[in-house]
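Note that the coordinates shown come from a computational prediction; the quantities given were computed from them, not determined experimentally. When a residue number appears, it is its place in the shown sequence, counting from 1. Just follow the structure's listing: the first ligand is 1, and inside any ligand the first atom is 1.
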Amino acid sequence: MPKTPQAIRGTQDIFGPDAEAFAFVVDTFERVRKLYRFRRVEMPVFEKTEVFARSIGETTDIVSKEMYSFDDRGGESLTLRPEFTAGIARAYLSNGWQQHAPLKVATHGPLFRYERPQKGRYRQFHQIDAEIIGAAEPQADVELLAMADQLLKELGIEGVTLHLNTLGDGDSREAWRAALVEHFRAVKDELSEDSQERLEKNPLRILDSKDRRDQRFVADAPKIDQFLSDDARAFFDAVTSGLDAAGVKWTRAESLVRGLDYYRHTAFEFIPDEGSEAAGRLGSQSTILGGGRYDGLMESLGGAPTPAVGWAAGIERLAMLVGDKGEPLADVIVVVENDELIDRAIAAIGKIRAAGHSAELMASGSPRKRFDKAVKAGAEKIVAFAIRDGAEHVRIKADEHATGSLEKLLD
Ligand code: ATP
Ligand code: MG
């Protein structure tokens, strides 16, 4: 016997209650993004490698270690998208979407990163994503965060808090960066190997390190607040007062940076509260939604300076938090107790589904047991076709009201 091929490490075959939870996340996102008037976009799964290399930044983990890149048959280097933002920014520039600015877009789908697979971390995973492009005002950040907050509430996810920071504008960020380099250089030998490397290339990312050797020195590292320009401070104040007005709870997280080079001003993550049920379910893979303002991105792709803000959330991690949605029962089961009546039943189930009721046909196995099987399956409404004393007989098992409307429908 030939050997059955195995799935690729880090991919998932999602089925049953997990697939229902996944769909619930996507459906809820679709509903909420419409409430906030985000327009739907569908993006390519692959792009030229330079789209990600230039916009995400060569020094990031994503570009330096996690991308699935390959040469296509024409010899061009392509990459399976590791995130949405870079591709959306490329599309914004190459399609002239500037004419729609400020443009609010939302999408979801698979992403690919070569990471060590573990609970809540996969090589093909899925995100929902929302972006506001061409909006410089702090109100855009507020609206985007209010949408994230409402989404989590509508998913029924509790015990998750918005952790918020500012990276300041370009100048603030540079001054902070210099101070961080000085701080960490003094303890360089005690940092993790990764952070020793980051020290020269991308020191902000040391703050993001999950390595305990680094975390000791992160606590007393210089804070951005000392370096904020008046404009950057005013921007952050407008974001926080907007969030308060919108009723979005947040907490200041002074060490929070986003790993990607193009972020400015607002940076944020929604993280389960310590000791909460959500934290218990997610284990160490704790961030469920993250994003920020990326005013510097478009220029790295050769576009005009374009302010923008966005977030992405892992669908798998959200699905782990929404819990078991079960698999819904059929509204109606149509039972064929005599096989001669199969076409009658097919016609009937067509009408039932066209009227918007989910329906399952029960027409296999021993004819005499089918009705009992339908009862056992838990359907509240059963329509059974049988022949009794040579005549066709339709039996409806439902409450009085439903019986009436089914009779009318099948008439
Ligand atoms: P992490 O710190 O967990 O690696 P990240 O900073 O790489 O996250 P982002 O690039 O901001 O994550 O992606 C946003 C969200 O996408 C994360 O908060 C998480 O929910 C999800 N995510 C990221 N990478 C993975 C993965 N490999 N598998 C599953 N979900 C992921
Ligand atoms: Mg990561």
**Report entry** Option nearest atom 29 (C) of ligand 1 (shortest heavy-atom distance, choices G292, G314, G120)
**Finding:** G120

Report summary line: Checking heavy-atom distances from atom 26 (C) of ligand 1 to each of W311, F125, F84, the winner is F125

Report task. Report, in ascending order of atom number, the atoms of ligand 1 lying under 4.0 Å from any heavy atom of T287. Result -> 17 (C), 18 (O), 19 (C), 20 (O)

Query raised in the report: If only atom types and distance count, is the side chain of R33 paired as donor or acceptor with the main-chain N or O of F38 below 3.5 Å?
Result: yes

Query raised in the report: Atoms of ligand 1 less than 4.0 Å from K210 heavy atoms?
Result: 1 (P), 2 (O)

**Report entry** Student check: side-chain heavy atoms of R81 and E47 closer than 4.5 Å
**Finding:** no

Requested in this report: Check whether the side chains of T107 and D129 place a donor and an acceptor atom closer than 3.5 Å, and report yes or no.
Outcome: no

Query raised in the report: atom 5 (P) of ligand 1: which of R113, E66, R116 has the nearest heavy atom?
Result: R113

Report task. Under 4.0 Å from a heavy atom of R258: give me the atoms of ligand 1 that qualify, with their elements. Result -> 9 (P), 11 (O)

Query raised in the report: Counting heavy atoms only, which part of E115 comes closer than 4.0 Å to ligand 1: side chain, backbone, both or neither?
Result: side chain

Report task. Check whether any side-chain heavy atom of D18 lies under 4.5 Å from a side-chain heavy atom of F22, and answer yes or no. Result -> no

Query - Side-chain H-bond candidate by donor/acceptor type, S172 with D169, under 3.5 Å - result: yes

Query - Q127 neighbourhood, listing ligand 1 atoms whose heavy-atom distance to it stays under 4.0 Å - result: 13 (O), 14 (C), 15 (C), 16 (O)

**Report entry** ligand 1 N/O within reach of I288 N/O, cut-off under 3.5 Å
**Finding:** yes

Side chains of residues 180-189: which donor-acceptor partners sit under 3.5 Å, not counting sequence neighbours?
unit_1	atom_1	unit_2	atom_2	d
H183	NE2	F217	O	2.9

Query - Candidate pair S195 and R198, rule side-chain hydrogen bond (donor to acceptor under 3.5 Å, both in side chains), full reasoning - result: CA-CA 5 Å; S195 284; R198 288 175 187 134; 3.1 Å; yes

